[in-house]
> 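Below: one structure in structure tokens.
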There are 2 protein chains.
Amino acid sequence: MPSGRVREFDADEALDRAMGVFWRHGYEGTSLADLTAAMGINRPSLYSAFGNKEQLFRKVLDRYQAGPLGFAAAALEMPTARGVVEAFLDGFIRCIRGGPAPGCLVVSAALVSGEDAEPVRRELARLRRGTVAALRGRFERAASEGDLAAGTDCGALALYVAAVLDGLAVLAASGATEVDLGRVAELTMRLWPS
Amino acid sequence: MPSGRVREFDADEALDRAMGVFWRHGYEGTSLADLTAAMGINRPSLYSAFGNKEQLFRKVLDRYQAGPLGFAAAALEMPTARGVVEAFLDGFIRCIRGGPAPGCLVVSAALVSGEDAEPVRRELARLRRGTVAALRGRFERAASEGDLAAGTDCGALALYVAAVLDGLAVLAASGATEVDLGRVAELTMRLWPS
DNA sequence: GATTCATTGTACCGATCGGTACGAAAAAAT
DNA sequence: ATTTTTTCGTACCGATCGGTACAATGAATC
């Protein structure tokens, strides 16, 4: 069976280029013309390889979680709750200041949206809620291990840490320097319940 | 001199309707058709009264700062830094959960954007930096009054409070309830340096 | 009542949106 | 070398984008 013409671009590299565009300009702010220009491929190739704009974004999102947000899995396995939060702050600051634009794709790409992009907006909100749930679960484990004081409100603590993290992403998008973000992280740890 | 036909709509009410649309769908996610439908006027009336889409948004932004964000001026005049932060948290949670969509217009409307909306994105970033600067100034006053401990890093403190506030807006856009946001605020105040 | 002038509604502008039809090109199988 | 299969490039689709020309409308002035 003949296997046809071989594709001339690397799918993963094309996804990285697409990630850069979505990161800088958000989901709605990115046009197909932007994507094809950055990815170095033409429109039919994009649709053949990745589906449509939304499916491409979801593939980019998977790659973003495995790449720039990959630190989170390791951070959750730190031995203490304090260590978890430190690793999250450090890894997230590296993520939001190390990318093609200051900020986090999951926070910025579609915090609000028109009706067309509603499914994407909901998916991003779902991912953010997942982070809160993961933190809460980890803090509950810490409480059961005696690492956090008995009676600690782990749900509130998880929401609070998520708020600081999300806030760092917004600050970065506001023009805060990496030093500024580091000062927030340092102060957060100084205030952390001991 | 004849004064011409009188306009049939109230400009302030139309601005409120426009604010609702921008609040729900962001700057780029809002179309002229969305705006005219919500404002109950047609396109030439909109352009004659408010300029173009960007100028309309800027007028909405002024109204947003005077209305939903109006608490900030009073909050900055609270007698203690602790009181300032409490008032900010309380007022901001009321704002982001009391509007037409959960979240804050200044945070959500254009955290990132395509090139067309770049001026709007920059203006919103400028406003957010202004909040940080206002908090820092207020904390420096508190430090000079002995309200905050000598040697306090007021810049870091302001960035930290801004991060929690921005984070609350993101959490709200992620679906957090007002109770959840209140738990974050309460925990933030419990951790506040005494 | 005639005139003046801003507002209104309709109908339209060129540009861009996301998405696709179709033929040329290229590599594997026969 | 011919056939088969897939990708690539161009050129295009209808729909929607932000913005406007123009004539009808209606209230105030004369």
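Computed from a prediction, not measured in an experiment: that's the story for all the values here. Atoms considered below: every heavy atom in the structure, side chains included; atoms not considered: hydrogens, waters and symmetry mates. Chain naming here is simple, since letters A, B, ... match the order of the sequence lines and numbering starts at 1 in each.
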> Within the pair B:S48 and C:dT7, is there a side-chain N or O less than 4.0 Å away from OP1 or OP2?
yes

> For B:D62, is there an ion pair with B:K59 - N to carboxylate O distance below 4.0 angstrom?
no

> Rounded to whole angstrom units, what separation is found between the CG atom of A:D34 and the C1' atom of C:dT16?
11 Å

> Which pair of non-hydrogen atoms, one from A:A185 and one from A:I93, has the smallest distance, and what is that distance?
CB-CD1, 3.8 Å

> Ignoring hydrogens and angles, does a donor from either the side chain of B:R43 or the base of C:dG9 sit under 3.5 Å from an acceptor on the other?
no

> Is the terminal nitrogen or CZ of B:K53 (NZ for Lys, CZ for Arg) located under 6.0 angstrom from the six-membered ring centre of B:Y27 and within 45° of that ring's axis?
yes

> What nucleotide among C:dG18, C:dA27, C:dA21 has an atom nearest to a side-chain atom of A:Y47?
C:dG18

> When we call it a touch if two heavy atoms are under 4.0 Å apart, what does A:T30 touch: a base, just sugar-phosphate, or nothing?
sugar-phosphate

> Can a donor-acceptor pair under 3.5 Å be found between the side-chain atoms of B:R5 and the base atoms of D:dT25?
yes

> Find which nucleotide of DNA chain D each of B:G51 and A:G4 is nearest to by heavy atoms, and output the residue with the more 5' nucleotide.
A:G4

> Between D:dG18 and B:N52, is there an OP1 or OP2 to side-chain N/O distance shorter than 4.0 Å?
no

> Which nucleotide in the list D:dC8, C:dG19, C:dT8 gets nearest to the side chain of A:L32?
C:dG19

> Between P on D:dT5 and CZ on A:R7, what's the gap in Å once rounded to a whole number?
19 Å

> So, is A:S3 near the phosphate of C:dA27, with a side-chain N or O under 4.0 Å from OP1 or OP2?
no

> Are OP1 or OP2 of D:dC17 and a side-chain N or O of B:S31 less than 4.0 angstrom apart?
yes

> Whole angstroms only, please: what is the CG-C1' distance between B:L35 and D:dC17?
12 Å

> May I ask you to decide whether A:R183 forms a salt bridge with A:E186, counting only side-chain N to carboxylate O separations under 4.0 Å?
no

> On DNA chain C, check which nucleotide each of A:E54 and B:G40 is closest to and give me the residue with the more 5' one.
B:G40

> Just the rounded figure in Å: distance from P of C:dG18 to CG of A:L56.
11 Å

> For a quick check under 3.5 Å, do B:R128 and A:S174 share a side-chain donor-acceptor pair by atom type?
yes

> Please report the distance, rounded to the nearest Å, between CG in A:D10 and C1' in D:dC8.
17 Å

> Think B:N42 has a side-chain N or O under 4.0 angstrom from the OP1 or OP2 of C:dG9?
yes

> Measure CG/B:L46 against C1'/C:dT10 and give the value in whole Å, please.
16 Å

> What integer distance in Å separates B:K53:NZ from D:dG18:P?
4 Å

> Expressed in angstrom and rounded to an integer, what is the separation of A:M39 atom CE from D:dC8 atom P?
11 Å

